[in-house]
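This report refers to the structure that appears directly beneath it.
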Amino acid sequence: MQAYRAALLHCLADPREVGIERSYQYFEDGLLLVENGRIVRIGAAAELLPGLPAGVGVAEYRDALIVPGFVDTHIHYPQLDVIASYGSQLLEWLETYTFPAEARFADPAHARAHARLFLAELLRNGTTTALVFATVHPQSVDAFFEEASRLDLRMIAGKVLMDRNAPDGLRDSAASGYAESRALIERWHGKGRLHYAVTPRFAPTSTPGQLDLAGRLLREYPGLYLHTHLSENRAEIDWVKELFPERRHYLDVYDHHRLLGARSVFAHGVHLCDDECRRLGESGSAVAFCPTSNLFLGSGLFDLARLEGHGVRVGLGTDVGGGTSFSQLQSLNEAYKVLQLQGQKLDPFKALYLATLGGARALYLDERIGNLQPGKDADFVVLDCKATPLLARRLEQARSLAERLFALMILGDDRAVRETFAAGRSVHRRDV
């Protein structure tokens, strides 16, 4: 057993459903007890310290806030090297930057080195669970899961399925994609804290036959994830209409091939009609809100209120490399602005919910991660309230917890992450 003492803050529910005051729990001087990779108790330090068993160590963090590990519901690990590449919208971005970068993952050594760097960057930013795109190459998935397994992380990933409208060397076939995915599922799904996601890139790069086989995998292996893109860019939507003229709309392509349901996560969802929103909600599917990417690629503004009004589960995604930061604090910074432009407000407690428990709910993992309740995996982050002179000064002026949390969300980034824990083990500690 190990104890961690600091201010503690976590979400108990969605503020939209229970109200802000009932949605979170906060201990100004708190104690978090961890044993065998799980949280066993949380409470006020004054109440818990006297009852600690002899010999239990207490790690104390001054000027710090412990929150649950951040959850990223959409990111591309092969796109690390193309982050901050200039001047394209979605389809040109794929041709100019993404496909050349992904071609390099045919080399297993490149994939292994990239997986190590990518996961280190996630942890440096306090992200302990992510839903991750690999490439079409099975070795890219093996490399990612090998490194995630070594660190005992709760991660979800899968081989990209792409049998048309892609360069040579980045296409599989419907049959080979199915067979390679099955082998990877057998090798990795459910191993430790790892989960597999069936991953058609998006409708334009998969034939109907490949989408049919993706649906077959979901039925053959209950508990798998489905991870793809949806309605990110208007030119993309027009392309889907040309390729699938018989379908009512973009989402209907996936629905026809039986790809909707619990653990189906659709990235972006910027340009959706009411029927698509309704169907996402009633099927239990989720949408990943990717604000930095949607702004950087000029895709559009995500309508959070509309999706939630239809009962759609929403998580937060960085979408690196179209997204511009691994930091979910920076994602929230941009999400606040995206919603401001539409006359919507992002309360800081709702923001924390999206980055933690909301993301866990979108992934149907909220019984395991997402807050600091006893029994959950001990995935948590120590945030430094004096990480930068400006942040320290602003927090000194804050008059409430909400104001402090909002300032962290706007001014914080990777520098604010003092230490990251996964399954009770320190997996990143910032150099002083």
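Residues T96 and P100 come closest through the heavy atom pair O-CG, 3.6 Å. Closest approach of G359 and V71 over heavy atoms only: C-CG1, 3.8 Å. When all heavy atoms are compared, the tightest approach of A355 to L332 is CB-CD1, 4.0 Å. Residues A143 and Y77 approach most closely at CB-OH, 4.0 Å, considering heavy atoms. Of all non-hydrogen atoms in H114 and D81, the two that sit nearest each other are CE1-OD2, 3.3 Å. For the residue pair S325 and I83, the shortest heavy atom distance occurs at N-CD1, 4.1 Å.
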Next item on the list: Report the C-alpha separation of Q210 and D172 in whole Å, then their side-chain angles, then the decisive distance to 0.1 Å, and conclude whether the side chain to side chain donor-acceptor pair (under 3.5 Å) test is met.
Entry: CA-CA 10 Å; Q210 184 166 72; D172 52 14; 2.9 Å; yes
Next item on the list: Please test E92 against Q89 for side chain to side chain contact (heavy atoms under 4.5 Å, CB included), starting from the C-alpha separation and ending with a verdict.
Entry: CA-CA 6 Å; E92 184 184 355; Q89 292 200 348; 5.8 Å; no
Note to self: What verdict does the salt bridge (charged side-chain N to carboxylate O under 4.0 Å, His left out) test give for R279 and E282, after you've listed the backbone C-alpha separation in whole Å, the side-chain angles of each residue and the deciding distance to 0.1 Å?
What the structure shows: CA-CA 5 Å; R279 185 70 186 110; E282 69 182 19; 3.3 Å; yes
Check: Passes side chain to side chain contact (heavy atoms under 4.5 Å, CB included), Q139 versus F105? Steps please.
Finding: CA-CA 8 Å; Q139 56 266 35; F105 283 75; over 6 Å; no
Next item on the list: Would you sort out whether E146 and S149 count as a side chain to side chain donor-acceptor pair (under 3.5 Å), showing the intermediate values?
Entry: CA-CA 5 Å; E146 285 165 6; S149 179; over 6 Å; no
Side-chain polar contacts of residues 310-323 - donor-acceptor pairs under 3.5 angstrom, sequence neighbours left out - could you list them?
| from | atom 1 | to | atom 2 | distance (Å) |
| --- | --- | --- | --- | --- |
| R313 | NE | Y364 | OH | 3.2 |
| R313 | NH1 | R361 | O | 2.8 |
| T318 | OG1 | D72 | OD2 | 2.6 |
| D319 | OD1 | H74 | NE2 | 3.0 |
| D319 | OD1 | H76 | NE2 | 3.4 |
| D319 | OD2 | H268 | NE2 | 3.4 |
| D319 | OD2 | S293 | OG | 2.6 |

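Here the rule is side chain to side chain contact (heavy atoms under 4.5 Å, CB included) with D379, and of T420, I369, V427 only I369 fits it. Across L363, I156, T129, a single residue satisfies side chain to side chain contact (heavy atoms under 4.5 Å, CB included) together with H195, and that is I156. None of L339, L295, N294 except one satisfies the side chain to side chain contact (heavy atoms under 4.5 Å, CB included) rule with L301; the exception is L295.
A distance-only check finds a donor-acceptor pair linking the side chain of R425 to the backbone of L151 [under 3.5 Å]. Without hydrogens or angle criteria, E276 side chain to C273 main chain gives a donor-acceptor distance under 3.5 Å. No side-chain donor-acceptor contact under 3.5 Å links N333 to the backbone of L329. Within the 3.5 Å criterion, the main-chain N or O of P348 finds no donor-acceptor partner in the side chain of Y336. A donor-acceptor pair is defined here as one N or O able to donate and one able to accept, closer than 3.5 Å; such a pair exists between the side chain of S264 and the backbone of L259. Between the E334 side chain and the Q330 main chain, no donor and acceptor come within less than 3.5 Å of each other. A distance-only check finds a donor-acceptor pair linking the side chain of E236 to the backbone of E232 [under 3.5 Å]. Looking at H271, its side chain does come within 3.5 Å of a backbone N or O of S299 through a donor-acceptor pair. Proximity of a side-chain donor or acceptor of K159 to a complementary backbone N or O of V136 within less than 3.5 Å is detected. Side-chain atoms of R219 come within 3.5 Å of backbone atoms of G215 as a donor-acceptor pair (strictly under, hydrogens ignored).
Under the rule for a salt bridge (Lys or Arg N to Asp or Glu O under 4.0 Å), the partners of R5 that lie at least two apart in sequence or sit in another chain are D29, E60. Not counting sequence neighbours, the partners of P200 by the side chain to side chain contact (heavy atoms under 4.5 Å, CB included) test are L161, V198, S206, L211, L226, T228. Contacts of E95 classified as salt bridge (Lys or Arg N to Asp or Glu O under 4.0 Å), with partners at least two apart in sequence or in another chain: none. Partners of P374 by side chain to side chain contact (heavy atoms under 4.5 Å, CB included), not counting sequence neighbours, listed by chain and number: I42.
At a threshold of 4.5 Å between non-hydrogen side-chain atoms, the residues P15 and Y353 count as touching. Contact annotation: the side chain of Y24 never approaches that of L12 to less than 4.5 Å [non-hydrogen atoms, C-beta and beyond]. Counting only heavy atoms from C-beta outward, the side chains of D384 and R430 approach each other to under 4.5 Å. The closest side-chain heavy-atom distance from R216 to R258 is not below 4.5 Å. Using a 4.5 Å heavy-atom cutoff, the side chains of S231 and V270 are not in contact. Side-chain contact between N233 and L297: absent, with no pair of heavy atoms (C-beta onward) separated by less than 4.5 Å. In this structure, the side chains of Q328 and T127 come closer than 4.5 Å at one or more pairs of heavy atoms. Here the side chains of L184 and D142 are in contact, with some heavy-atom distance below 4.5 Å.
Aromatic ring centres of Y221 and Y196 lie farther apart than the 6.0 Å criterion allows. Here Y26 and F349 keep their ring centres 6.0 angstrom or further from each other. Between F244 and Y250, the distance from one ring center to the other does not fall under 6.0 angstrom.
For the atom pair D413 CG and R124 CZ, the distance stands at 9.0 Å (nearest 0.5 Å). Note that CG of L170 is 5.0 Å distant from CE of M162, once rounded to the nearest 0.5 Å. With values rounded to the nearest 0.5 angstrom, I185 atom CD1 is found 4.5 Å from L224 atom CG. One distance of note links CZ of F296 with SG of C290; it measures 14.5 Å at 0.5 Å rounding.
A donor atom on one side chain and an acceptor atom on the other are found under 3.5 Å apart for Q344 and D303. One side chain, E419 or S426, offers a donor N or O that lies under 3.5 Å from an acceptor on the other. Using modelled atom types and a 3.5 Å distance limit, the side chains of Y178 and E220 yield a donor-acceptor pair.
Note on residues 160-169: pairs passing side-chain hydrogen bond (donor to acceptor under 3.5 Å, both in side chains), not counting sequence neighbours, are D163-T207, D168-R171.
By the 30° and 60° cut-offs, the orientation of the rings of F289 relative to F302 is parallel.
Other residues, nucleotides and ligands contribute at most 12 non-hydrogen atoms within 6.0 Å of the CZ atom of R429. Shown here is R415, whose CZ atom has no more than 12 heavy atoms of other residues, nucleotides or ligands within 6.0 Å.
Checked for salt-bridge contact, R306 and D274 meet the test: a charged N lies under 4.0 Å from a carboxylate O. Under the 4.0 Å criterion applied to side-chain N and carboxylate O atoms, K350 and D14 are assigned as salt-bridge partners.
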